[in-house]
Amino acid sequence: MRQTDPKIKEQLNKPQTWFVKYFPVRIKNAGEQEQAARQLVWNFKDGKASEAVAETAAARMREQYGEDCSHIVFAPVPASSAEKNEIRYKVFCQRVCELTGAINGYDHVHVVGERLSIHENRKTEKEIRKVNIIEFDTEWWNGKQVLCFDDIITRGYSYAAYANQLEEYGARVIGGYFLARTHYKVNK
């Protein structure tokens with residue numbers, strides 16, 4: 001098992017909230033409820049479930065942070081391309097912020113391109129993938145209290161790396177919200 005960077009561990013120890021369980025397609029014994037959650041994730045990724053997910057996230061934020069929502073920046077972990085990022089997060093973030101009074105961080109992070117990167121997978125094999133190149137409005141983040149959002153959390157490394165990047169610019173990440181958490185075993 002790979003040694004995890006202490007800064008990544010620090011982010012992963014912060015509060016995390018997820019709304020549904022996500023079972024990858026290879027999990028064959030998924031029932032109707034699991035398939036509905038899977039479809040919700042796919043619809044969200046395609047920009048078709050923004051309102052429903054925004055209402056869920058906003059309700060949880062109001063419950064957890066109350067009036068303090070107005071001091072929190074809601075910031076999505078960028079998608080793999082500028083186009084996907086806009087489809088997935090532009091309307092969604094705007095709506096969450098309307099419903100909570102939070103500050104919208106969407107316009108302060110930009111996906112500007114892709115590059116090749118070597119990733120290690122579950123079998124400790126290496127594979128080459130494209131990853132996004134992100135630009136930040138670096139000065140804007142200084143002193144901000146941030147709640148990150150991502151569509152799916154599996155191990156959490158993407159979220160943690162993004163949170164660390166924000167903190168390098170002076171933000172204080174208070175945790176992460178996720179539409180779904182990946183699960184591999186359906187308990188029947």
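- Atom CD of Gln94 sits about 9.0 Å away from atom CG of Asp107, to the nearest 0.5 Å.
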Exercise for the section: Apply the test side-chain contact (heavy atoms from CB on, under 4.5 Å) to residues Ser70 and Ile103: give CA-CA distance (whole Å), side-chain angles for both, the deciding distance (0.1 Å), then the verdict. Expected result: CA-CA 7 Å; Ser70 64; Ile103 303 160; over 6 Å; no

Practice task
Applying side-chain contact (heavy atoms from CB on, under 4.5 Å), run through Ile153 and Thr182 and close with a yes or a no.
Solution key: CA-CA 6 Å; Ile153 183 170; Thr182 303; over 6 Å; no

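- Although no hydrogens or angles enter the test, the distance criterion places no donor-acceptor pair under 3.5 Å between the side chain of Trp141 and the main chain of Arg172.
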Exercise for the section: Take Thr154 and Tyr184 through the test side-chain contact (heavy atoms from CB on, under 4.5 Å) and record every step on the way to the result. Expected result: CA-CA 10 Å; Thr154 300; Tyr184 296 100; 3.6 Å; yes

Practice task
Would you please test Asn164 and Glu168 for side-chain hydrogen bond (donor to acceptor under 3.5 Å, both in side chains) and show each step?
Solution key: CA-CA 6 Å; Asn164 281 335; Glu168 284 181 24; over 6 Å; no

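- Pro78 and Tyr162 make their closest contact through CD-CE1, 3.4 Å (heavy atoms, listed as atom of the first residue, atom of the second, distance).
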Exercise for the section: For Ile134 and Val109, run side-chain contact (heavy atoms from CB on, under 4.5 Å): C-alpha distance rounded to whole Å, both residues' side-chain angles, the deciding distance at 0.1 Å, then the answer. Expected result: CA-CA 7 Å; Ile134 304 168; Val109 178; 3.2 Å; yes

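- Summarising the geometry, atom OH belonging to Tyr169 is positioned 5.5 Å from atom CZ belonging to Phe136; distances are rounded to the nearest 0.5 Å.
- Residue Ala54 comes nearest to Leu99 through the heavy atom pair O-CD1, 4.0 Å, listed as atom of the first residue, atom of the second, then distance.
- For Phe74 and Phe149, the distance between ring centers is under 6.0 angstrom.
- Under the 4.5 Å side-chain heavy-atom criterion for Ile, Leu, Val, Met, Phe, Trp and Tyr, Tyr65 and Val146 are members of distinct hydrophobic clusters.
- A distance of 8.5 Å separates CE in Met61 from CD in Gln64, rounded to the nearest 0.5 Å.
- Hydrophobic clustering (side-chain heavy atoms under 4.5 Å, transitive across Ile, Leu, Val, Met, Phe, Trp, Tyr) groups Val77 together with Ile8.
- Other residues, nucleotides and ligands contribute over 12 non-hydrogen atoms within 6.0 Å of the NZ atom of Lys14.
- With Asn85 contributing its side chain and Ser81 its backbone, the two residues share no donor-acceptor pair below 3.5 Å.
- Cation-pi contact between Lys144 and Trp140: present, with separation from the ring centre below 6.0 Å and deviation from the ring axis of at most 45°.
- Under the 4.5 Å side-chain criterion, counting only non-hydrogen atoms from C-beta, Val173 is in contact with Cys148.
- Residues passing the salt bridge (charged side-chain N to carboxylate O under 4.0 Å, His left out) test with Asp151, sequence neighbours excluded: Lys45, Arg88.
- Lys28 contributes atom NZ, which lies 14.0 Å from atom CZ of Phe23 (distance to the nearest 0.5 angstrom).
- Cluster annotation: Ile152 and Leu40 are assigned to the same hydrophobic cluster (Ile/Leu/Val/Met/Phe/Trp/Tyr, side-chain heavy-atom contacts under 4.5 Å, transitive).
- Judged by distance alone, with hydrogens and angles left aside, the side-chain atoms of Arg181 form no donor-acceptor pair with the main-chain N or O of Trp18 at under 3.5 Å.
- Judged purely by atom type and a 3.5 angstrom limit, Arg95 has no side-chain atom pairing as donor or acceptor with the backbone of Ala58.
- Of all heavy-atom pairs spanning Ala57 and Tyr177, the tightest one is O-CE2, 3.8 Å.
- Side-chain N or O atoms of Gln145 include none that pairs as donor or acceptor with a backbone N or O of Ala171 at under 3.5 Å.
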Handout entry: Evaluation steps, salt bridge (Lys or Arg N to Asp or Glu O under 4.0 Å), between Lys21 and Glu34
Key = CA-CA 7 Å; Lys21 292 180 179 180; Glu34 291 84 9; over 6 Å; no

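- Rounding to the nearest 0.5 Å places CD of Glu51 at 9.5 Å from OG1 of Thr56.
- Nearest heavy-atom pair across Ile72 and Ala102 is O-CB, 3.4 Å.
- A donor-acceptor contact shorter than 3.5 Å is absent between the side chain of Gln11 and the backbone of Lys7.
- We find the CG-NZ distance between Asn13 and Lys9 to be 8.5 Å, quoted to the nearest 0.5 Å.
- Within 6.0 Å of CD on Glu98 lie more than 12 heavy atoms contributed by other residues, nucleotides or ligands.
- In this structure, Arg38 and Val25 have side chains that are in contact, with non-hydrogen atoms separated by less than 4.5 Å.
- Side-chain atoms of Asp46 do not come within 3.5 Å of backbone N or O of Lys48 as any donor-acceptor pair.
- Nearest heavy-atom pair across His110 and Asp137 is NE2-OD1, 3.8 Å.
- Ring pair Phe44/Phe92 is perpendicular by interplanar angle, where above 60° counts as perpendicular and below 30° as parallel.
- Connection of Val41 to Val53 is established within a shared hydrophobic cluster, with ILVMFWY side chains joined at heavy-atom distances below 4.5 Å, either directly or through further cluster members.
- Across all non-hydrogen atoms, the minimal contact from Gly156 to Leu12 is O-CD2, 3.5 Å.
- A chain of hydrophobic side-chain contacts below 4.5 Å, direct or via other Ile, Leu, Val, Met, Phe, Trp or Tyr residues, connects Tyr89 to Leu147.
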